[in-house]
Protein chains: 2
Amino acid sequence: MPVAGHPRGPGAPRSVSIRDVANAAGVSHQTVSRVINGHPRVRPATRARVEAVIAELGFRRSVAAHALASGRTRSVTVLTANTTHYGRAALLRGVEEAARAASYAVGICVVESEEPRAVRDALDRATDAGGGLIVIAYDEPGLRALEQAPAGLPLVAAVETPAAAPPAASPWVWTDDRRAAREATEHLLGLGHRTVHYLAIPSTTRSRGGSQRAAGWREALTRASAAVPEPVAAGWTPAEGYAAGRRLAADPGVTAVLCGNDDLALGLLRALHEAGRRVPEDVSVVGFDDAPHAAYLAPALTTVRQDFHEVGRVCFGRLHGLIEGGAPVGPHALATPRLTVRESTGPAAPPA
Amino acid sequence: MPVAGHPRGPGAPRSVSIRDVANAAGVSHQTVSRVINGHPRVRPATRARVEAVIAELGFRRSVAAHALASGRTRSVTVLTANTTHYGRAALLRGVEEAARAASYAVGICVVESEEPRAVRDALDRATDAGGGLIVIAYDEPGLRALEQAPAGLPLVAAVETPAAAPPAASPWVWTDDRRAAREATEHLLGLGHRTVHYLAIPSTTRSRGGSQRAAGWREALTRASAAVPEPVAAGWTPAEGYAAGRRLAADPGVTAVLCGNDDLALGLLRALHEAGRRVPEDVSVVGFDDAPHAAYLAPALTTVRQDFHEVGRVCFGRLHGLIEGGAPVGPHALATPRLTVRESTGPAAPPA
DNA sequence: CTGAAAGCGCTTACAG
DNA sequence: CTGAAAGCGCTTACAG
């Protein structure tokens with residue numbers, strides 16, 4: 001029977017409430033509440049009876065009522081500039097798996113640009129959702145959202161390697177991609193390349209002079225007293241890697257290139273192929289991330305394996321601890337990504 | 001001041017409510033409700049005053065209270081077996097963009113397997129969210145969720161090409177991938193290949209004998225009186241395409257292969273490379289979807305362009321119409337995917 | 001261990 | 001055009 005003044009959707013019967021369960025079990029709705037919340041002080045027999053009725057009637061607690069009455073919602077929302085690029089998609093998957101295991105709902109909220117209005121809107125939407133927030137701050141839009149998130153909101157962020165030791169209260173999670181970039185560059189230098197060029201993902205303004213991957217690359221070059229070429233700005237996608245990579249491919253001086261991610265590397269490989277330059281005989285290429293396609297390209301891509309899936313899990317785990325236990329969340333570095341050498345890197349050609 | 005019995009999170013001040021706005025504006029909270037809901041019968045001066053206070057106080061309606069009182073929630077949840085594979089990720093992106101434009105929140109709910117328990121759990125979680133539901137039924141888990149979704153739930157599904165004309169009330173959206181597969185196969189046959197092998201994505205039980213892509217492939221072969229080889233079961237990923245593709249690569253009889261998606265094609269290309277078979281000189285390969293990397297492989301992949309982004313938008317649009325307008329949603333086919341010929345297909349080698 | 005009361009922040013008819 | 005009342009389905013102290 002539809003409740004007066006509260007029309008439901010067509011055909012949607014009013015679902016069973018805590019009161020229906022209470023009546024059927026012969027207890028107060030209050031006791032039902034205790035049972036579904038795992039409150040310890042309920043007589044076992046009572047609990048059993050209530051649970052039986054819950055199962056029989058197919059009762060499900062109203063998320064809205066629970067949220068309104070308790071001020072809590074078992075949910076997290078992932079705020080990100082993009083959901084499809086490999087790293088972000090894998091991170092999202094990690095969050096979802098961990099959230100599912102903890103019976104948390106997951107929402108996504110994309111921040112389209114770094115415009116103040118877009119950032120504010122995204123933050124408003126994310127806050128409206130009412131749960132915890134995981135922000136992917138790998139790019140400018142995400143970083144701005146992180147910086148402008150209201151205090152008091154339960155929040156954890158996936159970030160680049162911090163440029164300096166972060167404040168103890170920074171709820172940040174990262175893998176040491178700066179160090180990984182340095183090692184990748186050293187690998188190339190060790191192969192006899194005079195220098196290494198860098199095909200860049202977009203950098204955030206916080207890190208003046210490029211992303212932390214760029215910083216690690218520069219560091220290795222400087223330490224080895226190698227020339228530091230101007231980074232070539234690309235983007236995130238194969239198309240952008242190709243477009244920017246053509247310049248590199250046309251320059252006979254480049255013999256080794258570190259790419260900001262594997263999709264960029266894919267585009268560069270194509271540009272090199274079109275230019276008639278062989279990999280790794282003429283040019284060595286290193287990617288970043290170890291996306292699913294990296295191992296199956298021809299030549300198979302030497303790249304740095306990053307466990308975004310784990311980053312996602314950890315972000316959720318820490319947020320969960322913050323929400324349920326009030327455990328303060330500080331900065332947290334995961335294991336350093338590891339260089340996986342495959343076919344796209346080789347010794348520098350002897351000087352002609 | 002914390003309300004007795006309703007502790008908020010640490011440091012989270014009680015946010016401004018409709019009553020605070022009402023007091024500040026000198027009206028009843030009821031009138032504020034009318035203003036935020038765009039009710040027409042409000043005096044312009046009153047409306048202006050209320051809106052000014054709303055802006056000044058930074059009022060945001062409580063999602064939970066709104067949902068509880070109205071029985072509606074401006075949200076959709078995407079139910080899918082996977083969020084990272086290209087087609088699904090692009091579809092999700094389309095949904096998110098359309099939802100954002102309509103001020104709807106979007107949740108994701110993954111159904112891990114086709115086990116009855118997993119399907120039921122996913123459906124429960126999706127239903128708890130309270131809004132509309134978009135199910136991606138490209139695989140068995142998704143399909144079962146679709147079949148078992150409770151009646152009365154606002155729902156739209158992205159499906160494979162239906163095997164037969166669907167019932168008028170089926171809220172399905174698809175692109176004609178069966179026909180696209182047929183055309184791709186005909187393209188290969190037209191190049192002089194005796195037959196075309198099929199490297200298969202997983203099929204759903206509903207479509208006995210393989211997915212609709214397989215059906216289209218078989219159709220073309222049959223019409224041309226070509227032999228119909230056994231499809232080679234692979235999966236969705238490059239790794240699976242590679243593993244299954246090795247068998248194809250080792251068989252000198254295969255000169256043309258249609259792949260269920262571009263990732264499979266990528267793996268196959270690698271297997272062919274390792275086996276020393278040239279593409280397209282020795283073997284022609286066609287992918288499916290036109291994922292971002294397809295055009296940048298070497299050889300660039302001939303593939304069938306599918307607009308999953310648009311599928312996502314359309315799914316949301318129809319669901320939105322259903323929720324807000326009660327517009328009934330029937331089956332809906334989008335434009336047929338188009339074959340994009342690039343470098344991975346060529347004339348059959350003349351018989352040795 | 002269990003129940004009666006009050007309240008979360010909104011919306012919905014119903015009056016006026 | 002606007003307000004007073006009731007209710008959405010829960011949870012939270014407070015009694016007992």
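Naming: A, B, ... by sequence-line order, numbering from 1 per chain.
- Rounded to a whole Å, the NE2 atom of B/His39 is 12 Å from the P atom of C/dT11.
- Across all strands, A/Arg60 comes closer than 4.0 Å only to sugar-phosphate atoms, never to a base (heavy-atom distances).
- OP1 or OP2 of C/dT11 sits under 4.0 Å from a side-chain N or O of B/Ser33.
- Residue side chain A/Gln30 reaches the base of D/dT12 through a donor-acceptor N/O pair under 3.5 Å, judged by distance alone.
- A salt bridge does not link B/Arg313 with B/Asp307: every distance from a Lys NZ or Arg NE/NH1/NH2 to an Asp or Glu carboxylate oxygen is 4.0 Å or more.
- Atom CD1 of B/Ile18 is separated from atom P of C/dT12 by 11 Å (rounded to the nearest Å).
- Between A/Arg74 and A/Glu324 a salt bridge is recorded (basic side-chain N to carboxylate O distance below 4.0 Å).
- Mapping A/Arg41 and B/Arg61 onto DNA chain C via the closest heavy atom, the residue that lands nearer the 5' end is A/Arg41.
- Nearest nucleotide to the side chain of B/Thr31, out of D/dT2, D/dT11, C/dT11: D/dT2.
- In this entry the distance linking CZ of B/Arg72 with P of C/dG9 reads 23 Å, nearest Å.
- Within the structure, a side-chain polar atom (N or O) of B/Ser28 is placed less than 4.0 Å from OP1 or OP2 of D/dG3.
- Using a cutoff of 4.0 Å between basic side-chain nitrogens and carboxylate oxygens, B/Glu115 and B/Arg120 are not scored as salt-bridged.
- Contact between the side-chain N/O atoms of A/Ser62 and the OP1/OP2 oxygens of D/dG9 is not found at any separation under 4.0 Å.
- A side-chain donor-acceptor contact under 3.5 Å links B/Arg318 to the backbone of B/Gly330.
- Protein atom CD1 of A/Ile54 is 10 Å distant from nucleotide atom P of D/dC10, rounded to whole Å.
- Pair assignment for D/dA13 gives none, since no Watson-Crick or G-U wobble pairing has each distance under 3.5 Å.
- Here C/dG7 presents its P atom at 14 Å from CG of A/Leu68, a figure rounded to the nearest Å.
- Annotation: of the two residues near DNA chain D, A/Arg34 and A/Arg19, the 5′-most nearest-nucleotide partner is A/Arg19.
- Protein atom CZ of B/Arg74 is 15 Å distant from nucleotide atom C1' of C/dT11, rounded to whole Å.
- Following rounding to the nearest Å, A/His29 (NE2) and D/dC8 (P) show an atom-to-atom distance of 12 Å.
- A sub-4.0 Å separation between OP1 or OP2 of D/dT2 and a side-chain N or O of B/Thr46 is present.
- Dashed line: the shortest gap from a side-chain N or O of B/Arg43 to OP1 or OP2 of D/dT2 is under 4.0 Å.
- B/Ser75 contributes atom OG, which lies 12.0 Å from atom CG of A/Asp128 (distance to the nearest 0.5 angstrom).
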